[in-house]
Amino acid sequence: LGNVRIGAVHGGAIGALLELTAICKLLSIAETARVPKTVNITVEYLRSAQAVDTFARATVTRQGRRVANVRVLAYQDDAARPVAAANAHFLLAE
C-alpha cells in the first residue's frame, strides 16, 4: 500500500503492472521470444486505486519491425472506469 490511511495502492506498483502488461502483450503476438526493451512509458494516474484486485488490458496501437506502441488501461471493478493508463514505446529489434 502506498497510503495506509486511505488504503491506496502505491503508484509504482500500478506503473509496473502497466509496463509488464504491455510487454506480455507484445510477447504474445511477437514472432520472437526476445523481451522488448522499454524506450519510453508515460503513466497517467486517473483515480486512487484501492487495495482490491487490479487488472490491466493492453492494445498494440502500432507495431513495426523495430518499434511498437502500446496503450494499457488498469481497472479494478469496472473496465469502463480505469484507475491508470499508459502509453509505452518499445524497441523490438536492434
| field | Main-chain N/O of F90 paired with T38 side-chain donor or acceptor, under 3.5 Å | value | no
| note | What one should report as the nearest heavy-atom pair of R34 and A93 is NH1-CA, 3.5 Å
| field | Exam field: side chain R47 to backbone P82, donor-acceptor pair closer than 3.5 Å | value | yes
| request: Measure the spacing between CG of L18 and CD of E44 and express it to the nearest 0.5 Å. | output: 10.0 Å
| said: Would you compute the distance between atom CZ of F55 and atom CG of L73 and round it to the nearest 0.5 angstrom? | reply: 14.5 Å
| request: Give the intermediate values and the outcome of side chain to side chain contact (heavy atoms under 4.5 Å, CB included) for residues R66 and L92. | output: CA-CA 5 Å; R66 296 188 54 142; L92 301 175; 5.8 Å; no
| Is the closest side-chain donor-acceptor distance between S48 and Q50 under 3.5 Å? | yes
| query | Is there side-chain contact between V67 and V39, with heavy atoms separated by less than 4.5 Å? | reply | no
| query | Just by distance, with hydrogens left out, do N40 and H89 show a side-chain donor and acceptor under 3.5 Å apart? | reply | no
| Given the rule that I, L, V, M, F, W and Y join up when any side-chain heavy atoms are under 4.5 Å apart, are I41 and V35 in one cluster? | yes
| Are V60 and V43 co-members of a hydrophobic cluster defined by side-chain heavy atoms under 4.5 Å apart? | yes
| When hydrophobic residues are tied together by side-chain contacts of less than 4.5 Å, even through go-betweens, does V72 share a cluster with Y75? | no
| query | Which atom names give the shortest non-hydrogen contact between A74 and T54, and what distance separates them? | reply | CB-CG2, 4.4 Å
| note | So CG of N69 and CG of N87: to nearest 0.5 Å the spacing works out to 8.0 Å
| task | Examine I23 and I14 and state if one hydrophobic cluster contains both, with Ile, Leu, Val, Met, Phe, Trp and Tyr joined whenever side-chain heavy atoms are less than 4.5 Å apart. | result | yes
| Y45: partners by ring pair (Phe, Tyr, Trp, His ring centres under 6.0 Å), with sequence neighbours left out | none
| note | Closest heavy-atom pair, I29 versus Q63, reported as atoms and distance to 0.1 Å, is CD1-OE1, 3.4 Å
| task | Would you confirm whether T61, through its side chain, and T59, through its main-chain N or O, come within 3.5 Å as a donor-acceptor pair? | result | no
| request: Look at K37 together with E19 and state whether they make a salt bridge at an N to O cut-off of under 4.0 Å. | output: no
